[in-house]
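Order of appearance sets the numbers: ligands from 1, and atoms from 1 within every ligand. Small disclaimer: the values here were computed from a predicted structure and weren't measured.
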Amino acid sequence: MQLTANIQNYHFNHILLNAAGVMCQTTTELDTVLTSKYTGSVVTKSATPAVRPGNPSPRYYELNHGLGTINSMGLPNEGFDYYMNYVSAKKTDKPIFFSIAGLSKQENIDMLHQLQDADFDGLIELNLSCPNVPGKPQTGYDFEATEQILTEAFAFFTKPLGVKLPPYFDIVHFDDIAAVLNKFPLAFVNTINSIGNGLVIDENTDTVVIKPKAGFGGIGGTLVKATALANVRALRNRLNTTIKIIGTGGVTTGRDVYDHILCGADLVEVGSQLAIEGINVFERLETELTEILTAKGYTSLDDVRGQLKVIS
Ligand SMILES: O=C(O)c1[nH]c(=O)[nH]c(=O)c1I
C-alpha cells in the first residue's frame with residue numbers, strides 16, 4: 001500500500017504526524033513522534049522567542065466518551081533556540097516541521113529571519129491561529145493582517161513556508177482567506193487549529209473545567225471533525241495546486257484519516273487523540289486506514305486524494 005506524500009521536494013513515507021502542541025514540547029516528546037515507524041514527520045510546539053510557562057492549570061481537559069478536548073495552554077514552550085537546536089542537531093531522513101507563533105508580527109518576522117539564515121533544512125509552519133493567549137487575536141481571522149505578514153515574510157523568506165489556520169465557518173471567509181493565500185508561494189496550508197473559545201462544564205460542580213479565561217478554550221477531537229473536513233475541502237477547492245494541504249482536526253479512526261484524504265489532504269495530523277491515546281495511536285490509525293483502502297481495492301492514497309463525491 002502506497003501511503004506517501006510530497007510537499008515541494010520533501011518526501012513523506014507515512015502521512016501521519018502530531019498536531020503542533022501535542023507530544024512536541026520537549027526533545028523527548030519530539031523524538032517519540034519522530035522515531036515512530038508510523039509517522040512521516042514531526043512538528044514542534046509553536047515557538048516564541050523566549051521560553052513561556054503558559055497559562056495557569058488546569059488548562060487541559062478530556063471530555064467524557066472520547067468526544068474531544070478543551071485546552072487553554074497559553075503557548076507554553078521551551079523557546080525558539082531550544083527547537084532550533086533540536087532540528088539542527090537531529091539526524092533523520094524524515095522532514096521536520098518547525099512551528100512558530102510570535103506574539104507580534106515583528107516577533108514572527110524576526111524568527112523567520114533566523115530560520116532563513118540557519119542551516120535548518122525543513123518546513124516552517126507559521127501559526128496564525130492560537131486562540132489562548134489572553135488579549136491576542138487569532139491573526140487568521142484578520143485577512144488584512146494575514147496578507148501583511150505574508151507579504152513581509154516572502155520579501156526575504158525562501159524556505160518552505162506554510163500557515164496553520166483557524167477554522168472558518170462562512171463560505172465568504174473561505175473565499176477571502178483563499179484569495180489572500182493564493183497571492184503567495186506557500187508550500188502548504190494546515191487546517192484546522194482548535195475551534196477557539198469553547199466552554200465545557202463539570203456537571204458535578206457546575207464549574208468550568210479549565211482555569212484560564214474563565215473556562216474558554218480551544219476545542220479539539222471528535223467534536224470538530226465536520227468543521228475540519230469542511231475547511232480541508234473548501235481550501236483544497238480554492239487554493240492553487242502548488243499549495244499542499246495538511247488536514248488536522250477530529251481524527252480518531254482510520255476512517256477519519258481517509259475522510260481527510262478524500263477532502264484533499266496530503267498529510268494528516270493527530271492532536272487530541274494522540275494526547276488521549278498516546279504514541280500507539282499512529283499504528284492503529286495506519287492499520288485501520290490500510291484496511292479501508294484494501295477493502296475498496298485501492299493500492300495508493302493517490303487513488304483517493306480529493307475524490308470526495310457530491311450529489312449531482
Ligand atoms: O494554548 C496553546 O498553546 C494553543 N492551543 C491550541 O489549541 N492551538 C494553538 O495554536 C496553541 I499556541
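- A donor-acceptor contact under 3.5 angstrom links the side chains of Asn190 and Thr248, judged on distance only.
- For the residue pair Gln25 / Glu29, no side-chain donor-acceptor distance below 3.5 Å is found, with atom types taken as modelled.
- Remark: the Gln106 side chain and the Ser104 side chain contain no N/O donor-acceptor pair separated by less than 3.5 Å.
- The residue Asn55 has no part lying near ligand 1, judged by heavy-atom distances below 4.0 Å.
- Residue Cys130 approaches ligand 1 through these ligand atoms, each under 4.0 Å from one of its heavy atoms: 2 (C), 4 (C), 9 (C), 10 (O), 11 (C), 12 (I).
- Checking Thr253 against Asp256 by side-chain atom types alone, a donor-acceptor pair falls below 3.5 Å.
- Judged purely by distance below 3.5 Å, without hydrogens or angles, the side chains of Asn77 and Tyr83 never pair a donor atom with an acceptor atom.
- The closest non-hydrogen atom to atom 8 (N) of ligand 1, taken over Asn193, Val133, Ile195, comes from Asn193.
- A donor-acceptor contact closer than 3.5 angstrom is absent between the side chains of Thr48 and Glu107.
- Ligand-side atoms of ligand 1 in range of Pro76: 3 (O), range being under 4.0 angstrom from any heavy atom.
- When non-hydrogen atoms are compared, ligand 1 lies under 4.0 Å from the side chain of Pro131 (C-beta onward) but not from its backbone.
- For ligand 1 and Asn132, the ligand atoms under 4.0 Å from any heavy atom of the residue are 1 (O), 2 (C), 4 (C), 5 (N), 6 (C), 7 (O).
- When only modelled atom types and interatomic distance are considered, Asn127 and Ser129 share a side-chain donor-acceptor pair under 3.5 Å.
- Using a 3.5 Å distance cut-off with no hydrogens or angles, the side chains of His11 and Asn13 do pair a donor with an acceptor.
- At least one heavy atom of Lys45 sits closer than 4.0 Å to an atom of ligand 1.
- Using a 4.0 angstrom heavy-atom cutoff, Ala101 does not count as in contact with ligand 1.
- The option from Gly218, Ser194, Gly220 that lies nearest to atom 7 (O) of ligand 1, judged by heavy atoms, is Ser194.
- When each atom of ligand 1 is checked for a heavy atom of Met73 under 4.0 Å away, the hits are 1 (O), 2 (C), 3 (O).
- Interface of Leu75 with ligand 1, defined as ligand atoms under 4.0 Å from a residue heavy atom, comprises 1 (O), 2 (C), 3 (O), 12 (I).
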